[in-house]
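The structure appears right after this line, and notes come after that.
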Protein chains: 2
Amino acid sequence: MKIGELSRRTGVPARMLRYYEEQGLLRPDRAGNGYRDYPPSAVDRVRQVRGLLDSGLTTDIIRRVLPFLEKPTDLHVHPECVTPELVELVRAEADRIKARIDCLSRNHDAIRAYLDAVTERLRHTAS
Amino acid sequence: MKIGELSRRTGVPARMLRYYEEQGLLRPDRAGNGYRDYPPSAVDRVRQVRGLLDSGLTTDIIRRVLPFLEKPTDLHVHPECVTPELVELVRAEADRIKARIDCLSRNHDAIRAYLDAVTERLRHTAS
DNA sequence: GTTTGCCTTCACACTGATGTGAGGGTTTCA
DNA sequence: TGAAACCCTCACATCAGTGTGAAGGCAAAC
């Protein structure tokens, strides 16, 4: 699929898809005329990248953890490329992600509780 | 407490504490000499702001949801200030936060699974 | 075959969060 | 009294992610 269609399907501007490629997050091949050619799986990949970006990860971090994000069943990262340093780095990033989850969860719960209290109050005054 | 101490206690540069104030996230009062004077509760407040910032929220959003984040027991936002529009806005932001949590959770689980598979593999080859 | 639309690269601009330093007042302590 | 360590404001710089537009090639449709 060409960049325009991927853009329409994901809602991500073509400009950004080119940027993500420049950052090593996407690797479309090229048709004979130079046009980018994305596999259907790119749609999910783009959504995943967007989600992580929205959650405060940098393209640099995302590029590093991306290989660890697909089917966990069998390792498709060559085992000899997985240095202890890399594992440590990824583990540290996982911890930071966990911290984000905890922080967001706490705040989400607080907001929901507040919202519930407000609507409850409204129900009361209405009756 | 003065800005230097708050900075030391939170690990956030004084520059940033001034910036958060400019963005309406902190409201220290001023001593006679113009120095900022923070209450002890500012430590937690700063940590909360940092966590949300790291999780991809903007200072603008944080400022808006901050009043909804404290003790949910009794509403200390004047009920008459809580317009339906504001409630809707906060609800929408809560949904976006939920989406972030889900995205991060999925990816965190995938990374952990990968990490576990790798260490398992290492345990095997070691034996 | 020309128009229309999508693609290419390049480049400059903006925004939000942050770093950094200048220039100057205040507190503390020797 | 002077030095060190705070604090203040102001302003310019940087970085990542994005927006936008120019200049031009390719493709499908009239």
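All chains are named by letter (A, B, ...) in the order of the sequence lines, taking the proteins before the strands, and each is independently numbered beginning at 1.
With sequence neighbours left out, the side chain to side chain donor-acceptor pair (under 3.5 Å) criterion links A:R112 to no other residue. In this structure B:E85 satisfies the salt bridge (Lys or Arg N to Asp or Glu O under 4.0 Å) test with no other residue, sequence neighbours excluded. With sequence neighbours left out, B:R106 forms a side chain to side chain donor-acceptor pair (under 3.5 Å) with no residue at all. Applying the side chain to side chain donor-acceptor pair (under 3.5 Å) rule to B:E22 yields no partners; only residues at least two apart in sequence or on another chain are considered. For the salt bridge (Lys or Arg N to Asp or Glu O under 4.0 Å) test, residues two or more places apart in sequence or in another chain that qualify with B:R64 are B:D60. In this structure, the side chain to side chain donor-acceptor pair (under 3.5 Å) partners of B:D102, at least two apart in sequence or on a different chain, are B:K98.
Residue pairs that meet the side chain to side chain donor-acceptor pair (under 3.5 Å) test with at least one member in residues 32-41 of chain B, sequence neighbours left out, are B:E21-B:R36.
Two end axes, each from the C1' atoms of five base pairs, can be drawn for the helix from C:dG1-D:dC30 to C:dA30-D:dT1; they diverge by 0°, to 10 degrees.
Listed in residue order, the members of residues 39-61 of chain B having a heavy atom less than 4.0 Å from DNA chain D come to none.
What separates CG of A:L17 from P of D:dG17 is a distance of 15 Å, to the nearest Å.
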Before giving the answer on side chain to side chain contact (heavy atoms under 4.5 Å, CB included), spell out for B:V90 and A:Y114 the whole-Å C-alpha distance, their side-chain angles and the decisive distance to 0.1 Å.
CA-CA 10 Å; B:V90 172; A:Y114 218 113; over 6 Å; no

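Closest of all the heavy-atom pairs between B:V12 and B:S7 is O-OG, 2.8 Å. Between A:L69 and B:A110, the shortest heavy-atom contact is O-CB, 4.1 Å.
Distance check: B:K2 NZ to B:L17 CG gives 15.0 Å after rounding to the nearest 0.5 Å.
Distances shown here put a side-chain N or O of A:Y20 below 4.0 Å from the OP1 or OP2 atom of D:dT18.
Contacts between chain A and DNA chain C, taken as any atom within less than 4.0 angstrom of a protein heavy atom, begin and end at C:dC6 to C:dA11.
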Sort me out a list of protein N/O and nucleotides 7-11 of chain D N/O pairs below 3.5 Å, or just none if empty.
residue	atom	partner	partner atom	Å
D:dC7	OP1	B:G4	N	2.6
D:dC8	OP1	B:R36	N	2.8
D:dC8	OP1	B:R36	NH1	2.8
D:dC8	OP2	B:R18	NE	3.2
D:dC8	OP2	B:R18	NH2	2.9
D:dC8	OP2	B:R36	NH1	3.4
D:dC8	O5'	B:R36	NH1	3.4
D:dT9	OP1	B:R30	NH1	3.3
D:dT9	OP1	B:R30	NH2	3.3
D:dT9	OP2	B:R36	NH1	3.0
D:dT9	OP2	B:R36	NH2	2.8

N/O donor to acceptor pairs below 3.5 angstrom from side-chain atoms of residues 42-55 of chain A, sequence neighbours left out:
residue	atom	partner	partner atom	Å
A:R45	NH1	A:L25	O	3.0
A:R45	NH2	A:E70	OE2	2.7
A:R47	NH1	A:R9	O	3.4
A:Q48	NE2	B:N107	OD1	2.8
A:R50	NH1	A:Y20	OH	2.6
A:R50	NH2	A:D54	OD1	2.5
A:S55	OG	A:G51	O	2.8

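Looking at B:R91 and B:E88, a side-chain N of the basic residue comes within less than 4.0 Å of a carboxylate O on the acidic one, giving a salt bridge.
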